[in-house]
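Here the structure comes first, spelled out in structure tokens, and everything after it is commentary.
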Amino acid sequence: MKIPPVKGTRDFYPPEMAVRNWIIDGWKKVSVRNGFEEYDGPIFEYLKMFQIKSGDEIVEQLFSLQDRGGRDLALRPEITPTLARMVNQRINSLPKPIKWFSVPRLFRAERPQKGRLREFFQWNIDIIGEDSVLADAEVIFTTVDYLRDAGLTQRDIRVKISSRKLLASVLRKIGIQEKLLNTLYALLDKYRKIPVETFEKTLLEQVQDSSIADKIMKFMATDALVNLTEIIGNNSDVDEAIQELAHLKVLLEQMGVWHYCDFDPGIVRGLAYYTGAVFEVHEFAQELRAICGGGRYDNLLHDFGGPKIPATGMGMGDCVLEILLREKGILDKQITKQNLYYFVAYVDETYRNAAVKLTMKLRSAGFAANFSYKITKLGKQLKQASEQNAEKCIIIGDEFKNNKLTLKDMESGKQELVDTDEFLSGPKS
Ligand code: HAM
């Protein structure tokens, strides 16, 4: 009986694994150079951990299970609640601000589609214990630092920035009741993800007042902070949120990455815990789902039983990123196949043992080396050597009896006869 892979999962054969490693190595390198330290947590947690603050969408997508003691558990759909739990546990001993990163494997029972799977990897960077906008700017800078390093330009990607604080104060000012805010966020997050007629219809159903719905539509369509007062009128909370975003813009200009960014009130974020600046990175044409998303969440640690301590961060999945890097031809250029230094070929069976011995010697000396298990013609072995991307091929033939080896440079095709003992005393790279 053949058992297929589970829907929404991936098998990583060596070529896919090479891509995954290239992406994750880049995430880790950029995290470290931006001053983040790595952490990780368990792959499953108590179910209630994700029910507290992640929001309905994530709760509906949980893979949950019961352990033998009847405890309700869930596979992690995100790592931010685990981070909050871990930081709360050692809140007094951890030096602040905490700047941590992680690359967890996550699980969400989403409908599998382009860029969305049921199992994926997600780069997380978070700064905890710092309430200044500078921390938000640093998170955005680090995100752009990676994307730029990977080879994406301002014409490939846009960082779309808004603020939950701004949205909340605007909604309050135009008459939305407090208890409606959370359900409205979930709808507004769909602004660019569903057809505009469906969006407008649902909005009207929720707010039940066409002039309020009109104002919300106008707000969602603004692309400059200065236009807001025209729509909303003067209001101190709105002004404060606008000031904060203006400050964020200045910092990002100073950091040299504002040209990647736009203000976009359509960015709301699906998760329930955000409280301040929020952002998402989208590919330029906006045909794919978000590459990443994040923002400030100043209440989450408190909601998990800790002190009130500010936090801001970002999560980037590997799926949309990989599609984009492939579309831009970046992966083809960057991913090298298996990279061998020496391939040890032998002309016939007589020299097989010598080839195996020599290969192991080279490996022990630190070289990536390989040989052919199958006793085949030299031509076939040379083909194998180039398939394995070997830089040099050593050929063991009759001259081996006279203490000589043939050394072939695979790129130039040049061959030379070398002294075996001399070669073994110091194979050169
Ligand atoms: P999120 O918006 O739920 O935020 O996910 C962030 C990113 O994870 C998405 O933009 C996408 O790249 C990736 N992602 C999410 N779901 C899937 C999926 N089913 N398949 C593939 N990729 C996916 C969070 O998870 C927050 N915890 C991020 C954060 C960290 N905020 C503050 N700190």
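Note that ligands are numbered from 1 as they come in the structure, with each ligand's atoms numbered from 1 the same way.
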Heavy atom under 4.0 Å from ligand 1: found in [X]'s side chain, backbone, both, or neither?
X    : result
I291 : backbone
Y274 : side chain
Q122 : side chain
C319 : side chain
F107 : neither

| task | Considering non-hydrogen atoms only, spot the tightest contact between V6 and T9 and give its length. | result |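 Looks like O-OG1, 2.6 Å.
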
Which protein non-hydrogen atom lies closest to [atom], naming both residue and atom, and how far is it?
atom                    : result
atom 15 (C) of ligand 1 : R108 NH1, 3.3 Å
atom 7 (C) of ligand 1  : G315 O, 3.4 Å
atom 10 (O) of ligand 1 : C292 CA, 3.2 Å
atom 20 (N) of ligand 1 : L117 N, 3.0 Å
atom 24 (C) of ligand 1 : L271 CD1, 3.4 Å
atom 23 (C) of ligand 1 : F120 CE1, 3.4 Å

| Exceeds 12 heavy-atom contacts within 6.0 angstrom, atom CD of E16 |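 Result for CD/E16: enclosed.
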
For [X], state whether at least one heavy atom is located under 4.0 Å from any atom of ligand 1.
X    : value
D126 : yes
R269 : yes
Y273 : yes
P77  : no

Regarding [X] and the six-membered ring of [Y], is the cationic atom NZ or CZ under 6.0 Å from the ring centre and inside 45° of its axis?
X    : Y    : value
K99  : F36  : yes
R164 : Y274 : no
R118 : F63  : no

| said: Taking the side chain as everything from C-beta on, heavy atoms only, tell me whether H282 gets closer than 4.5 Å to L288. | reply: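 No, their side chains stay 4.5 Å or more apart.
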
| said: Within the 4.5 Å heavy-atom criterion, are F44 and D67 side-chain neighbours or not? | reply: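 Of all side-chain heavy-atom pairs linking D67 with F44, none is under 4.5 Å.
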
| request: Can you label the angle between the F121 ring and the F12 ring as parallel, tilted or perpendicular, going by 30° and 60°? | output: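 Ring orientation, 0 to 90° scale: perpendicular.
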
| query | F371 and Y373: aromatic ring centres closer than 6.0 Å? | reply |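 F371 vs Y373: aromatic centres under 6.0 Å.
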
Which atoms from ligand 1 have a heavy atom of [X] less than 4.0 Å away?
X    : answer
G293 : 10 (O), 28 (C)
T80  : 26 (C), 27 (N), 29 (C), 30 (C), 33 (N)
E110 : 16 (N), 17 (C), 18 (C), 19 (N)
N124 : 30 (C)
E78  : 25 (O), 26 (C), 27 (N)
G115 : 20 (N), 21 (C), 22 (N)

| Is the backbone of G41 close enough, under 3.5 Å, to the side chain of R76 for a donor and an acceptor to pair up by distance? |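 At least one qualifying donor-acceptor pair exists.
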
| said: I'd like to know if the side chain of R108 and the backbone of P77 have a donor-acceptor N/O pair within less than 3.5 Å. | reply: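 Present.
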
| Counting heavy atoms only, which of R116, R289, R118 is nearest atom 9 (C) of ligand 1? |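 Selected option, by shortest heavy-atom distance: R116.
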
| field | Test of proximity, G317 against ligand 1: N or O pairs below 3.5 Å | value |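 Between G317 and ligand 1, an N or O pair is found under 3.5 Å apart.
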
| Are any of the N/O atoms in M316 less than 3.5 Å from those in ligand 1? |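 In this structure, M316 places no N or O atom under 3.5 Å from an N or O of ligand 1.
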
| request: Please assess V19 against D318 for the test side-chain contact (heavy atoms from CB on, under 4.5 Å), listing each intermediate value before the final yes or no. | output: CA-CA 10 Å; V19 171; D318 61 334; over 6 Å; no

| field | Any donor-acceptor N or O pair under 3.5 Å, side chains T142, D145 | value |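 There is no such pair (donor and acceptor under 3.5 Å, judged by atom type) between the side chains of T142 and D145.
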
| request: Under the side-chain contact (heavy atoms from CB on, under 4.5 Å) rule, what do S162 and D264 come out as? Steps first, then yes or no, please. | output: CA-CA 6 Å; S162 189; D264 183 346; 5.8 Å; no

